[in-house]
Number of protein chains: 2
Amino acid sequence: MYPQVLKTLIATDCIIVGIEEGTLKLLVIKRPIPPLKDRWSLIGTFLGIEETAHQAAHRVLYSATGLNNIYLDQLHTYTRPDRDPGGRVISIAHFALIRIADYHNNSSKQVGSKWFALNDLPKLIFDHDNMVNDALAKLRERAKFNPIAFELLSEYFTLKQLQNFYEELYQQKFDTANFRKKVLSYSFLVKTNKKVKDTSKKGSFLYRYDRKIYEELRSKEFKIRFI
Amino acid sequence: MYPQVLKTLIATDCIIVGIEEGTLKLLVIKRPIPPLKDRWSLIGTFLGIEETAHQAAHRVLYSATGLNNIYLDQLHTYTRPDRDPGGRVISIAHFALIRIADYHNNSSKQVGSKWFALNDLPKLIFDHDNMVNDALAKLRERAKFNPIAFELLSEYFTLKQLQNFYEELYQQKFDTANFRKKVLSYSFLVKTNKKVKDTSKKGSFLYRYDRKIYEELRSKEFKIRFI
DNA sequence: GCAAAAGTGTTCAGATTACACCCATGG
DNA sequence: CCATGGGTGTAATCTGAACACTTTTGC
């Protein structure tokens, strides 16, 4: 139907973020195909014929981690003609948030992939370093107003772990008293009667995030800020 | 280099927004090519061989409006396999902010294009209605923290015009006293000694936006909210 | 002088900040 | 019994919303 103008390959690359022991980490892979085979790379794939970019990203996430139902959002599309020395390929980058514990518990994950702390990342191929920076910037924006912390933390977490996530993401300390008051002022953090004692003698209570309560609040047009 | 997987056409479509007489408007065009020739459509083009999406969007904006140096930002990439009945085409949507007065003053604009008020838009082809909705949502988000109002208003404007922009974008009224206090609390709105008398007998002072001052403020990590 | 838009001041409630303080417990 | 991290209370300050008010000018 259309005149024969440029046709290109479409890729999707995923910036996969998780938090472990208070440190933000990124899942990358030793690139399995040329060019630049065996160099560190984001995990990606080419778009299939009957597939949206979102579906392709979910497909590659499943093959990399064995997990479904992952938080996934389109980030930006990278189109520089020389970005991939293997040919003209544009890449629709997505970012994904993962509970690393779930990842470790899952057997069907891909070999050759590895979690790196953000401040210890190897050089990535192509423009993947840019993608990571853009993803982190977007994550910082989004985390101020959206409950994405709970996509990374495990189901039950302490308030200190929650605070650690924000401190790690924004690279700054927050006052504990004020932080607790703020997040507890909303009702969607539900205190359980379980205590965990791995960081103190007193032990600290576990909380869980109640999505229903959050969404009800949100629908009432409340301004909900996390930080 | 890569195996022969799917190659597709890449398009870019522009959501071109302006404000005129207190009303937000969108620039659309009677589609010049089949399929759906002569139906209302966003203005777009196919990506050239040695071109980024950003460059292609600027190219199509120039041909549509005769203007360069337009505020342009990537919005989202639309990839549904059936989105274009003419073939598999993915579209990298951008949104652009225009001073409509500049547009009218310019002779080299494309014929067949037309400004519609947002609440009077005709049905657009393909998924272009979705694109418009997504663009407006993003604009609303962005306008809270970024000085994009000044990309739409002319160089000199009254505070009432500025307020009108926000009232139009968010479809709600703001208290004039509080609005003025807020925007004037930052120093980047510079009062001139010119008055304009087309809406009142008293007349109202014109202000201009000083980008340098804004950027200096911003670099000092101030939290700058517009609304 | 008066209507009408431009522009200012005052008040009060709620949020934010800084910081001092209490609590529980394993060693 | 005390060091340590968990958890709470409070006063000072800042911000935002509401609304009453003054100013200027053409008719």
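Within every chain, numbering begins at 1; the chains are lettered A, B, ... in the order of the sequence lines, protein sequences first and strands thereafter. Atoms considered below: every heavy atom in the structure, side chains included; atoms not considered: hydrogens, waters and symmetry mates.
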Could you please name the option among [options] that lies closest to any side-chain atom of [X]?
X: A177(B); options: dG5(D), dG9(C), dT8(D); answer: dG9(C)
X: K197(B); options: dG5(D), dG26(D), dG7(C); answer: dG26(D)
X: K181(B); options: dT10(C), dT25(D), dC19(D); answer: dT10(C)
X: K202(A); options: dG26(C), dC19(C), dG5(D); answer: dG5(D)

K194(B) to Y156(B) six-membered ring, cation-pi geometry met (6.0 Å, 45°):
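Here K194(B) passes the 6.0 Å and 45° test against Y156(B).
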
Looking across every strand, which nucleic acid part, if any, lies under 4.0 Å from K160(A) by heavy atom: base, sugar-phosphate, or nothing?
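Result for K160(A) = sugar-phosphate.
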
Closest approach of D127(A) to R83(A) (non-hydrogen atoms, all atoms of both residues):
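The answer is OD2-NE, 2.8 Å.
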
Can a salt bridge be assigned to the pair E151(A) and R211(A) using a cut-off of 4.0 Å between side-chain N and carboxylate O?
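Salt bridge: yes.
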
Would you mind reading off the distance between [X] atom [atom1] and [N] atom [atom2], rounded to a whole angstrom?
X: Q163(A); N: dG5(D); atom1: CD; atom2: C1'; value: 12 Å
X: K201(B); N: dA3(C); atom1: NZ; atom2: P; value: 10 Å
X: R225(A); N: dT15(D); atom1: CZ; atom2: C1'; value: 13 Å
X: F174(A); N: dA18(C); atom1: CZ; atom2: C1'; value: 15 Å
X: F205(A); N: dA24(C); atom1: CZ; atom2: C1'; value: 11 Å
X: N178(B); N: dG7(C); atom1: CG; atom2: P; value: 16 Å
X: K173(A); N: dT17(C); atom1: NZ; atom2: P; value: 17 Å
X: I227(A); N: dA15(C); atom1: CD1; atom2: C1'; value: 15 Å

Take atom CZ in F116(A); do more than 12 heavy atoms of anything else shown fall under 6.0 Å from it?
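Counting other residues, nucleotides and ligands, CZ of F116(A) exceeds 12 neighbours.
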
Does a side-chain N or O of R180(B) approach OP1 or OP2 of dT8(C) to a distance below 4.0 Å, or not?
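The answer is yes; a side-chain N or O of R180(B) sits under 4.0 Å from OP1 or OP2.
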
Please determine if a side-chain N or O atom of T199(A) lies less than 4.0 Å away from the OP1 or OP2 oxygen of dG6(D).
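True: T199(A) side-chain N/O within range (under 4.0 Å) of dG6(D) OP1/OP2.
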
Can you tell me how far CG of L153(A) sits from CG of L162(A), rounded to the nearest 0.5 angstrom?
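If I round to the nearest 0.5 Å, the distance is 6.0 Å.
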
Assign each of K195(B) and K182(B) to its nearest nucleotide of DNA chain D by heavy atoms, then name whichever residue's nucleotide is nearer the 5' end.
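It is K182(B), whose closest nucleotide lies nearer the 5' terminus.
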
